[in-house]
There are 2 protein chains.
Amino acid sequence: MFLQLVYRRAYSGGVPELAEVDQLKDDDRLTAWRLFLESYRRVLDTLDDELQSERGLSLAWFDVLVQLFNAPDHRLRMNQLASRILLSKSGLTRLVDRMEAAGLVERASSPTDRRGSFAVLTPRGEGVFRDAFPVHLDGIHKHFARHLTAAEARTLAKVFEKIRGPLTSAAECAPPD
Amino acid sequence: MFLQLVYRRAYSGGVPELAEVDQLKDDDRLTAWRLFLESYRRVLDTLDDELQSERGLSLAWFDVLVQLFNAPDHRLRMNQLASRILLSKSGLTRLVDRMEAAGLVERASSPTDRRGSFAVLTPRGEGVFRDAFPVHLDGIHKHFARHLTAAEARTLAKVFEKIRGPLTSAAECAPPD
DNA sequence: CCATGATGGTTGTTCTTGCAACTGGTTTAC
DNA sequence: GTAAACCAGTTGCAAGAACAACCATCATGG
């Protein structure tokens, strides 16, 4: 799904009633939007392919490894892990199932709350992570960071912070005013 | 899958051999990367939810409608449509099946090449598109464009053009030099 | 003209994901 | 202390997507 938008074509073409929508004048912004979408898809696909072919690891798996590696004691509650990688509870259950079968993570039950369990990085998982990390970082550099000057990077960070900000938890809770 | 990266933590933490990787110094760039990922996910999820709840349409369906609406004669070869919305051939076959069942598009066989078929926007599909378009455009404004100054929009466009550029067809064909 | 190969789409299969329902454990209120 | 509400994680189920194998058609070369 990619969503190259109507933009100019709908505007100058035969859709007068749509042209009324005044955001259509924001050509630069919509161009930015379109390129944003396309860049994401293409860069992520490329990174996934590279990691897959060079280390046999999907980005989703890598993402779990990253999170656990960064977590204190190399462990996280399923709960937290799910929200950090933006995956549903059930999705994470299955993902951890698969990674456990591959020996990269383990489950450990929480001593304080017997409902909960931790996902814990195994030594093997840590090894795989350390092995894959440079590949991924190199990919980010090659396909993304390399194209940014320092100033541009700061601009992007600023802008995306604003964009992400209002959506962080539940979208559209109480639109102010 | 989200991929909040290691960054500072892996750098300043206990992973000396990883810290050697010199892209790690590019803090601003990696921050931009992280926010880029998160923004995409959150904005797209939000737009999808809004379109879904306000018009009962997924972004994927909307994307097809956009493409067909823009195409000459409101029709595209399956082939082309698939590549424009970044979906696999088989994925598109099924997607068009579903949309055909819903009466939004039709298939028409090509007169010149009897292998090929077109996906064609039906009047009903066009109506649905015109109805959903403002909702989507408004969403883009609310959750994305609104946060950009004109200068920032131009910066984003420039940067993403560079990022997307080299990956447009097959990634990594022949890295120059 | 016919054999060979390329191309456009569809179908079989499998994988991943989300939602809703469920189980078992914890907290709160009476 | 116990019932009710709540929470963490798992499971059944169905939708969406990719890959490979497949069929039909077109293009090429003898």
For Arg107(A), the salt bridge (charged side-chain N to carboxylate O under 4.0 Å, His left out) test, sequence neighbours excluded, returns Asp97(A), Glu100(A)
Numerically ordered, the residues 104-121 of chain A set in heavy-atom contact under 4.0 Å with DNA chain D is Arg107(A), Arg115(A), Gly116(A), Ser117(A)
Nearest whole angstrom, please: distance from the [atom2] of [N] to the [atom1] of [X].
| X | N | atom1 | atom2 | answer |
| --- | --- | --- | --- | --- |
| Asp49(B) | dC19(C) | CG | P | 8 Å |
| Leu81(A) | dG9(D) | CG | C1' | 13 Å |
| Arg41(B) | dT17(C) | CZ | C1' | 10 Å |
| Gln52(A) | dC19(D) | CD | C1' | 13 Å |
| Met99(B) | dG16(D) | CE | P | 12 Å |
| Arg77(B) | dT25(D) | CZ | C1' | 11 Å |
| Leu87(B) | dA15(D) | CG | C1' | 14 Å |
| Leu59(B) | dA17(D) | CG | C1' | 16 Å |

Kindly give the atom pairs (protein nitrogen or oxygen, nucleotide nitrogen or oxygen) under 3.5 Å for nucleotides 1-4 of chain D.
none

What one should report as the nearest heavy-atom pair of Leu76(A) and Ala71(A) is CG-CB, 3.6 Å
Are the side chains of [Y] and [X] in contact, using a 4.5 Å heavy-atom criterion?
| X | Y | result |
| --- | --- | --- |
| Leu47(A) | Leu51(A) | no |
| Leu68(A) | Val120(A) | no |
| Phe160(A) | Glu38(B) | no |
| Phe144(B) | Leu37(A) | no |
| Tyr40(A) | Arg41(B) | yes |

Report task. Answer yes if the ring centres of Phe69(B) and Phe133(B) are under 6.0 angstrom apart, and no otherwise. Result -> no
Is there a side-chain polar atom (N or O) of Asn79(B) under 4.0 Å from OP1 or OP2 of dT7(C)? no
The complete set of ring-ring contact (aromatic ring centres under 6.0 Å, His included) pairs with one or both residues in residues 77-122 of chain B, sequence neighbours excluded, reads none
For residues 80-103 of chain B, the ring-ring contact (aromatic ring centres under 6.0 Å, His included) pairs (sequence neighbours left out) are none
dist Gln80(A):CD -> Leu92(A):CG (nearest 0.5 Å) comes out at 11.5 Å
With 3.5 Å as the limit, what N/O pairs link the protein to nucleotides 11-15 of chain C?
unit_1: dG12(C); atom_1: N7; unit_2: Arg94(B); atom_2: NH2; d: 2.9
unit_1: dG12(C); atom_1: O6; unit_2: Arg94(B); atom_2: NH1; d: 3.1

